[in-house]
Amino acid sequence: MGTEQLIVALVVVAVVGFALARTIRIIPQATAAIIERLGRYHRTLTPGLNLVVPFIDRIKEMIDLREQVVSFPPQPVITSDNLVVSIDTVIYFQVTNPKAATYEIANFLVGVEQLTVTTLRNVVGGMDLERTLTSREEINTELRGVLDEATGKWGIRVNRVELKAIDPPASIQDSMEKQMRADRDKRAAVLTAEGQKQAAILTAEGEKTAAVLRARGEAEAAVLRAQAEAEAAAMRAKGQADAIGMVFKAIHEGNPDQRLLAYQYLQMLPELAKGDANKLWIVPSEMGRVLENLGGLFGGDKDGGGKGS
C-alpha cells in the first residue's frame with residue numbers, strides 16, 4: 001500500500017511539474033509569441049516571464065521583431081525599349097504587428113518577395129535601359145513606397161529597398177563598353193585639342209607680351225640715351241661758354257692792344273684748319289688788317305730796338 005501511494009505521489013508531482021512547465025513561458029528579447037486559446041487568438045506575449053493556462057493556451061508562432069534582411073534571387077525584367085535585364089534586390093523590413101503578420105497572410109516572406117517582383121516589373125517597365133541603369137535611387141524610392149503601403153496591413157514596415165545589381169544582356173554590355181570607349185576617346189581627343197589650343201594661345205600671348213616689353217625697353221633706352229646726350233651736349237656747351245667767358249674776362253682784365261689780339265688770332269688759325277672734314281679753308285677778309293697790325297708790331301719792335309741802341 002505504501003508503494004502505491006508513492007507511485008501516485010510521483011505521478012501527481014510529475015503532472016504538477018509538467019503543468020507548471022506549460023504554465024511558465026520565457027520569451028527572449030526582440031521576440032513576440034502569439035497565444036491561441038482553444039484555437040482562437042488570445043494575446044501576444046512580450047519578452048520576459050509570462051504565465052499561460054496549460055493544455056488550453058498554446059503558442060501559435062514566435063515572431064522575430066528585429067529588422068530583417070532578405071535577398072531575393074535575380075529577376076528578369078523587361079524595360080520600355082524591350083530589353084531584358086536581370087535585377088537583384090535586397091529588402092530591409094521589420095514586423096511591427098505580430099498578430100497581423102501571423103493571421104493576415106500565410107507567409108509574409110513569400111508575399112514580400114512576390115510583391116517586390118511585380119512592383120519592380122511595373123516600375124522598370126516604364127523606363128528604358130539607360131534610365132534604368134542611372135536611376136537606382138528613383139527605383140528604390142518607388143519600390144519602398146509601394147511595398148510599405150501594401151505590407152502595412154500585414155503588420156510589416158519596409159525600411160529600405162536596394163538594387164544589388166542590374167545586369168543587361170551580354171550583347172548590350174559589349175555595345176555599351178564600345179560606346180563608352182568611343183566616348184572616352186572622343187573626350188580625350190577634345191581635351192588634347194583644347195590643350196594644344198590653349199598652349200598656342202598662351203605662347204602667342206607670351207610672345208606678344210615679350211615683344212611689347214622689348215619695344216618698350218628699347219624706347220625707354222632710346223629716350224634715356226637722348227636725354228643723356230642732351231645733358232652731355234648742354235654740359236659741353238656750358239663748359240665752352242664758361243671757358244669763353246673766362247678767356248674774355250681775362251683778356252678784358254689784361255687790357256690787350258690790337259697787336260696782341262692779332263697775334264692770338266694767328267695762333268688759332270691752325271686749330272681751325274685741323275680735322276679730316278676741313279677740305280677747304282677760307283681766309284677771312286680781316287686777314288689783311290691782321291697782317292698789317294702784325295707788320296706794325298714787328299716794325300715797331302725794330303724801331304724801338306734801334307732807338308734803344
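Hydrogens, waters and symmetry mates play no part in the numbers below; they use all other heavy atoms, side chains included.
Between the side chain of T119 and the backbone N or O of T116 there is no donor-acceptor pair closer than 3.5 Å. Side chain of S86 to main chain of D167: no donor-acceptor pair is present (N/O by atom type, distance under 3.5 Å, no hydrogens or angles). Of the possible polar contacts, one joining the R144 side chain to the N159 backbone as a donor-acceptor pair under 3.5 Å is found.
Considering only heavy atoms from C-beta on, E162 stays 4.5 Å or farther from T89 through its side chain. F93 has its side chain out of reach of R157: every pair of non-hydrogen atoms, C-beta onward, lies at least 4.5 Å apart. For the pair I35 and T44, the minimum side-chain heavy-atom distance is 4.5 Å or more. Side-chain contact between V70 and V112 is absent, with no heavy-atom pair separated by less than 4.5 Å. Looking at P76 and V85, their side chains never come closer than 4.5 Å, going by heavy atoms from C-beta outward. Taking the side chain as every heavy atom from C-beta outward, T102 and I63 approach each other to under 4.5 Å. Side-chain atoms of R121 and I78, non-hydrogen and from C-beta on, never get closer than 4.5 Å to each other. For the pair V69 and V90, the minimum side-chain heavy-atom distance is below 4.5 Å.
If you take CD1 on I91 and CG on L109, they are separated by 11.0 Å, rounding to the nearest 0.5 Å. Interatomic distance, N97 CG to L65 CG, rounded to the nearest 0.5 Å: 10.0 Å. Note that CG of L129 and CG of D81 are 6.0 Å apart. Values are rounded to the nearest 0.5 Å. Atom OG of residue S71 and atom CD of residue E113 lie 10.0 Å apart, to the nearest 0.5 angstrom. A distance of 12.0 Å separates CZ of R160 from OG1 of T141, quoted to the nearest 0.5 Å. To the nearest 0.5 Å, the span separating CG on L163 from CG on L120 amounts to 6.5 Å.
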Under 3.5 Å, which donor-acceptor pairs link side chains of residues 47-62 to any protein atom two or more places apart or in another chain?
unit_1 : atom_1 : unit_2 : atom_2 : d
N50    : ND2    : T46    : O      : 2.9
N50    : ND2    : G48    : O      : 3.1
D57    : OD1    : R37    : NE     : 2.5
D57    : OD1    : R37    : NH2    : 3.4
D57    : OD2    : R37    : NH2    : 2.8
D57    : OD2    : V53    : N      : 3.1
R58    : NH2    : E36    : OE1    : 3.1

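The two residues D128 and S80 come nearest to each other via the heavy atoms N-OG, 3.1 Å. Considering every non-hydrogen atom in both P168 and I166, the closest pair reads CD-O, 3.3 Å. Annotation for V123 and E142: closest pair CG1-OE1, 3.3 Å, computed over non-hydrogen atoms. Between I27 and T31, the shortest heavy-atom distance links the atoms CG2-O, 3.4 Å.
Residue pairs satisfying the side chain to side chain donor-acceptor pair (under 3.5 Å) criterion with at least one member in residues 198-210, sequence neighbours excluded, are absent. Applying the side chain to side chain donor-acceptor pair (under 3.5 Å) rule to pairs touching residues 146-155 yields nothing, sequence neighbours excluded.
Classification of R131 and E138 as a salt-bridged pair holds, one side-chain N sitting under 4.0 Å from a carboxylate O.
V161 and M127 fall within a single hydrophobic cluster, where Ile, Leu, Val, Met, Phe, Trp and Tyr side chains are chained together by heavy-atom contacts under 4.5 Å. Note on I156 and I105: same hydrophobic cluster, where clusters join Ile, Leu, Val, Met, Phe, Trp and Tyr whose side-chain heavy atoms are under 4.5 Å apart, directly or indirectly. Hydrophobic clustering (side-chain heavy atoms under 4.5 Å, transitive across Ile, Leu, Val, Met, Phe, Trp, Tyr) groups V124 together with L133. Connection of V158 to V117 is not established within any shared hydrophobic cluster, with ILVMFWY side chains joined at heavy-atom distances below 4.5 Å, either directly or through further cluster members. No chain of hydrophobic side-chain contacts below 4.5 Å, direct or via other Ile, Leu, Val, Met, Phe, Trp or Tyr residues, connects V146 to L143.
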- Query: Going through the checks in order, is the side-chain contact (heavy atoms from CB on, under 4.5 Å) test met by Q227 and V223?
  - Reply: CA-CA 6 Å; Q227 291 177 353; V223 170; 3.5 Å; yes
task = Might you work through the side-chain contact (heavy atoms from CB on, under 4.5 Å) test for Y92 and E67, ending with a clear yes or no?
result = CA-CA 7 Å; Y92 298 80; E67 185 175 17; 3.4 Å; yes
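Partners of K238 by salt bridge (Lys or Arg N to Asp or Glu O under 4.0 Å), not counting sequence neighbours, listed by chain and number: D242. When the side chain to side chain donor-acceptor pair (under 3.5 Å) test is applied to E130, no partner is found at least two apart in sequence or on another chain. With sequence neighbours excluded, the residues that form a salt bridge (Lys or Arg N to Asp or Glu O under 4.0 Å) with D64 are R66.
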